[in-house]
There are 2 protein chains.
Amino acid sequence: MGRTTLDTAALAHDLRLAVMRLSRRLRSQRADTSLTLTQLAALSTLRAKGPLTPGELAACERVQPPSMTRVLATLEGAGLVVKTRHATDGRQLIVHVTDRAINLLDDEIRMREAWLAQRLNELSPAERDELRRASAIIERLLEP
Amino acid sequence: MGRTTLDTAALAHDLRLAVMRLSRRLRSQRADTSLTLTQLAALSTLRAKGPLTPGELAACERVQPPSMTRVLATLEGAGLVVKTRHATDGRQLIVHVTDRAINLLDDEIRMREAWLAQRLNELSPAERDELRRASAIIERLLEP
DNA sequence: TATTGTTATACTCTATAACTATA
DNA sequence: TATAGTTATAGAGTATAACAATA
């Protein structure tokens, strides 16, 4: 195994541990909000990308379709999304965020991300730039 | 709210979504191995840092003590860790990885990280450097 | 026959609260 | 009384397999 391969393996290891730990820390921020992190992520994506089918949304969030079905059922019950029929394909649905969701979303996001934003503010601008670039690289890494 | 604060909020948002998605993707790599990702992370940390108390290990992994109790119970049942008594404080335990764990670990890690290492290899060296720096920044972000 | 989505079911991960033992 | 760890319990998150409807 060459040096580059070894280095990449070490990076995979470090990145995995860092990502798992940050993910746990973010999830544990569970008080004071009515939406779970997963629900919030789905709504954020819908707002950013516009209406999507459940399958498209599942693909964006890297979950399997049945997992998204559950998230959407909860959100629909709370009046935060509505489903409409696809214009030409009767199998598909289109999920839209409601006005109620849009009104909630900014406050929810601010509360859920308060700890992280606070920590990020303690970094140098250069370090924040590194994390911006890293976020983009990670998203690209996840593309099919 | 100033421009920097807004930018930091946007970074918090993007980083959260990227980290959640990568974490899900990594967790879904669940076939062909006998250890779960959480168990593997605990063993990796124990091997890297040497014997730790359950409480110290929980702090490293950013989980609450009862969560680590469960992970350790499984690992102990599989003969992958052993607990010894603390030399002077009867309340504390020391967790050690066994030879069996050390023999398993490299193969398990390679299998679990194969997808990620493959993807990382498709990046440029400069991008891998970005992710190396980002991993370190994230770990620092998590410090209490 | 293939695709989209849902239902049914089960497992992993993690937390909080209450308890035990030791300091 | 405070600390380290465990037990009990519950909820969030996710998956696979089987099913229904539509293409």
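Reckoned from all heavy atoms, side chains included, excluding hydrogens, waters and symmetry mates. Lettering of chains follows the sequences in order, A, B, ..., and the numbering in each one begins at 1.
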May I ask whether A/Val97 and A/Ile94 are part of the same hydrophobic cluster, defined by side-chain heavy atoms of I, L, V, M, F, W, Y residues being less than 4.5 angstrom apart, directly or through others?
no
Between A/Leu17 and B/Trp115, is there a shared hydrophobic cluster once you connect ILVMFWY residues whose side-chain heavy atoms come closer than 4.5 Å?
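No; B/Trp115 is not reachable from A/Leu17 via cluster members.
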How many whole angstroms separate atom [atom1] of [X] from atom [atom2] of [N]?
X: B/Leu93; N: D/dT3; atom1: CG; atom2: P; result: 18 Å
X: A/Ile94; N: C/dG5; atom1: CD1; atom2: P; result: 8 Å
X: A/Met68; N: C/dT7; atom1: CE; atom2: P; result: 16 Å
X: A/His86; N: C/dG5; atom1: NE2; atom2: C1'; result: 13 Å
X: A/Leu57; N: C/dT4; atom1: CG; atom2: C1'; result: 14 Å
X: A/Gln39; N: D/dA12; atom1: CD; atom2: P; result: 8 Å
X: B/Leu72; N: C/dC13; atom1: CG; atom2: P; result: 13 Å
X: B/Gln64; N: D/dA4; atom1: CD; atom2: C1'; result: 14 Å

Nearest to the side chain of [X], which nucleotide is it out of [options]?
X: B/Gln92; options: C/dT12, D/dG13, D/dA4; result: D/dA4
X: B/Arg27; options: C/dC13, C/dT6, D/dT6; result: C/dC13
X: A/Lys83; options: C/dT6, D/dT6, C/dC13; result: C/dT6
X: B/Val63; options: C/dT16, C/dA15, D/dA23; result: C/dA15
X: B/Ser67; options: C/dA8, D/dG13, C/dA15; result: C/dA15

Under 4.0 Å, heavy atoms only, any strand: does [X] hit a base, just the sugar-phosphate, or nothing?
X: A/Thr74; result: nothing
X: A/Arg24; result: sugar-phosphate
X: A/Thr38; result: sugar-phosphate
X: A/Pro54; result: sugar-phosphate

Please assess B/Arg21 against A/Thr45 for the test side-chain hydrogen bond (donor to acceptor under 3.5 Å, both in side chains), listing each intermediate value before the final yes or no.
CA-CA 12 Å; B/Arg21 288 169 183 160; A/Thr45 299; 2.9 Å; yes
Closest-nucleotide ordering on DNA chain C, the 5'-leading residue of A/Arg91 and A/Thr69:
A/Arg91
Out of curiosity, A/Ser135 OG to B/Arg16 CZ, how far, rounded to the nearest 0.5 Å?
12.0 Å
Side-chain N,O (A/Ser28) to OP1/OP2 (C/dA15) below 4.0 Å
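Answer is no, no contact under 4.0 Å.
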At less than 3.5 Å, do the side-chain atoms of A/Arg70 and the base atoms of D/dT14 form a donor-acceptor pair?
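Under the 3.5 Å cut-off, the side chain and the base do form a donor-acceptor pair.
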With B/Asp89, the side chain to side chain donor-acceptor pair (under 3.5 Å) member among B/Arg85, B/Arg91, B/His86:
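Testing each of B/Arg85, B/Arg91, B/His86 against B/Asp89, the sole residue satisfying side chain to side chain donor-acceptor pair (under 3.5 Å) is B/Arg91.
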